[in-house]
2 protein chains.
Amino acid sequence: MNASGKTASIKDVALAAGVSVATVSRVLSNGPVSEALRKRVEDAVRATGYRPNLSARRLRSQHSQTIGLVVSDIRNPFFTAVSRAVEDAAYRAGMRVILCNSDENPEREELYLRLMQEERITGLIFAPTCATLDRLDTLDLDFPVVLIDRNAPTARHDAVVLDNPRAAAMLVEHLHAQGYRRIAGLFGNTSTTGQERYEGYRSAMSARGLAPAARFLAPYADAAEQAVVAWMAEHDRPEAFIVSNSLFLMGVVKAARRLKLPIPDGLAVAGFDNEPWTELVGPGLTVIEQPVQDIGQSAMALLFERLEAPDRPRRRLVLGGTCIVRGSTAARMADAD
Amino acid sequence: MNASGKTASIKDVALAAGVSVATVSRVLSNGPVSEALRKRVEDAVRATGYRPNLSARRLRSQHSQTIGLVVSDIRNPFFTAVSRAVEDAAYRAGMRVILCNSDENPEREELYLRLMQEERITGLIFAPTCATLDRLDTLDLDFPVVLIDRNAPTARHDAVVLDNPRAAAMLVEHLHAQGYRRIAGLFGNTSTTGQERYEGYRSAMSARGLAPAARFLAPYADAAEQAVVAWMAEHDRPEAFIVSNSLFLMGVVKAARRLKLPIPDGLAVAGFDNEPWTELVGPGLTVIEQPVQDIGQSAMALLFERLEAPDRPRRRLVLGGTCIVRGSTAARMADAD
DNA sequence: GCGGCTTCTGAAAACGTTTCCAGTTAGATG
DNA sequence: CATCTAACTGGAAACGTTTTCAGAAGCCGC
């Protein structure tokens, strides 16, 4: 505070130290200043309780030192983990992060993209919906974008994604090896991720002479629960489900419980995202673990590389998942239902 | 972009529309401008692709329209839920949110508090560690602070908290009514929340003539798992555990599994935070549900009221929790171990 | 037709920084 | 002792806005 009760500015510090504002600025940015003055200024900074004003600094230096991160839902532990990794990497590089939830809603995405422009962010890490992904190229944003979790082959942006087709295929392989044949799939209908996982599922099924049977759902546990309950009442009830996210995993478990079907004997299930609780549910749930830490760090790395070399050709980083086998896909008992 | 390839500024718009920058500014803020000029300016905004620069705007208007939110760990679903509520309320009021993770680390808290000052935030919503809480009064921040989840009776800040003693007592009551007597407690050692829950536990136990037996742990699932495993090897092994957060809940479930103790017959357990998965683990876990939505919204409400009336006396909002009874605390079987 | 309104508009100052440029000083060199 | 350099310092411009202030119209009633 200065005499007038307002927050101290660099002028107040300069006045207190008996130097010019230029000198104060230099002290703060480790510029060339004599020891004597530096000391005086530092004392004045302490005395006044001065804190630099980031808005002014950003305006003048034309550098926001800020990166944007737009995810579809921060409550999804996959995104919380990724955002932690991104933030840690950003802070290590002396940058701030602005985190936003799109809720899988293209309008909110648009809103936040506009916000990012107004904040003059240095770069964006983005998990877009299909709708926004399609028109991303037409948007001409004035910062580089790295896509995470989702991406289209056509987009011209850098991206870090899981090898979704392969991961889904791993689940099919595993279930097949365990003796399951009627393997159904539930996939999210808002992102490319669901589509890619479906593709992997479909081709792995076909390759084994099995008939794929998939449904696409809105990303809520309830949707999955209802779908499973309905499906299990049909003629060719599945022996196992492959689901494309952890919400669906919950839905399937709930449905099994409601239908009094034991896991895995009544109904096997495998899915994505190795969240802590998947180990604790029933006999443990078989899942694909994504390298969340790596995804976040790599996204930042790609972003920094892009900032240094704006014209280098686009790069996609495809990371492999790990199949964590648990009791929910134990070998199928030979029965004849 | 203007001719020189840089992002368009208000000057470029003014030039394109053939008006002064003042007029452009007035159009953007719905000031008094004739229809003819308004139209010309709006066209020019579109033509130039102009986006206001928030740093400049904030600097000039001396109003950041930003609130800070510092939580201990965004991966904790309690805080994710609260932060969603805060953000939604903030955006509805036309404000931005800066979200930071302290990791229960006082140094990071200090770092972020400094950042908040430099961002010139309008107000802060904060879940501090004990260490920072103790010296919060000495810090003289130049924005109002609303504490959430944690607070000390001595602090002079507004706060929104769960009725922790009552909630913990509810769990004791419930376990007692179900026939449990040797009820142990595991509480977090970094926050006042753990202490308050311990107090409720202790006095409810004493009131029933039961001997409290509590341990304080670092907030990790592993810590709880190890504590339980060790404790169950001791002479007076507990029949039930009350734990103060969902990480400990996981730890207890893991320990029970490792020790091959069925829940609840071998070991009953009850805890805090009604996360989706608690319903799915074993026979379902009995928990206290916190009104997370309400906590976030109320924190924002308290903050806005404080901004309007800086001198009104401090207010604490104490919200009640709901006890969700599930199988993990089913009536104790009469045995004689 | 003229003073007194209202209504709109533009020039310019200000917000708190950084940075360019021009001094000033002190020390080294001739 | 005069000059040249190196090292430091301060004045002032600039970043992109908002806002104050004063001027320029247009309109009213007399």
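Chain letters run A, B, ... following the sequence lines, proteins first and then strands; every chain starts at 1.
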Original post:
Base, backbone or nothing for each nucleotide of nucleotides 13-19 of chain D, written B, S, -, heavy atoms under 4.0 angstrom, 5' to 3'?
Top reply: BBBBBBB
Original post:
Is a side-chain N or O of B:Arg306 found less than 3.5 angstrom from the main chain of B:Arg312, in a donor-acceptor match?
Top reply: yes
**OP:** Specify the separation, in whole Å, of atom CZ of B:Arg38 and atom C1' of C:dT9.
**Re:** 13 Å
**OP:** Find out whether B:Arg316 and B:Val318 are in side-chain contact, i.e. whether some heavy atom of one side chain is under 4.5 Å from a heavy atom of the other.
**Re:** yes
Original post:
Counting N and O atoms only, with roles assigned by atom type, does the side chain of A:Thr192 sit under 3.5 Å from a partner on the main chain of A:Asn151, one being a donor and the other an acceptor?
Top reply: yes
Original post:
So does A:Asp43 pair up with A:Arg40, basic N to acidic O under 4.0 Å?
Top reply: no
Original post:
Over its full length, what angle do the end axes of the helix from C:dG1-D:dC30 to C:dG30-D:dC1 make, each axis taken from five pairs and the result rounded to 10 degrees?
Top reply: 50°
Original post:
Would a 4.5 Å heavy-atom cut-off, applied to side chains only, mark A:Phe126 and A:Arg150 as touching?
Top reply: no
Original post:
Under 3.5 Å, is there a donor-acceptor pair between the B:Thr66 and B:Glu119 side chains?
Top reply: no
Original post:
Between A:Asp12 (side chain) and A:Ser9 (backbone), is there a donor-acceptor pair under 3.5 Å?
Top reply: yes
Original post:
How about B:Thr7 and A:Gln62: do any of their side-chain heavy atoms sit closer than 4.5 Å?
Top reply: no
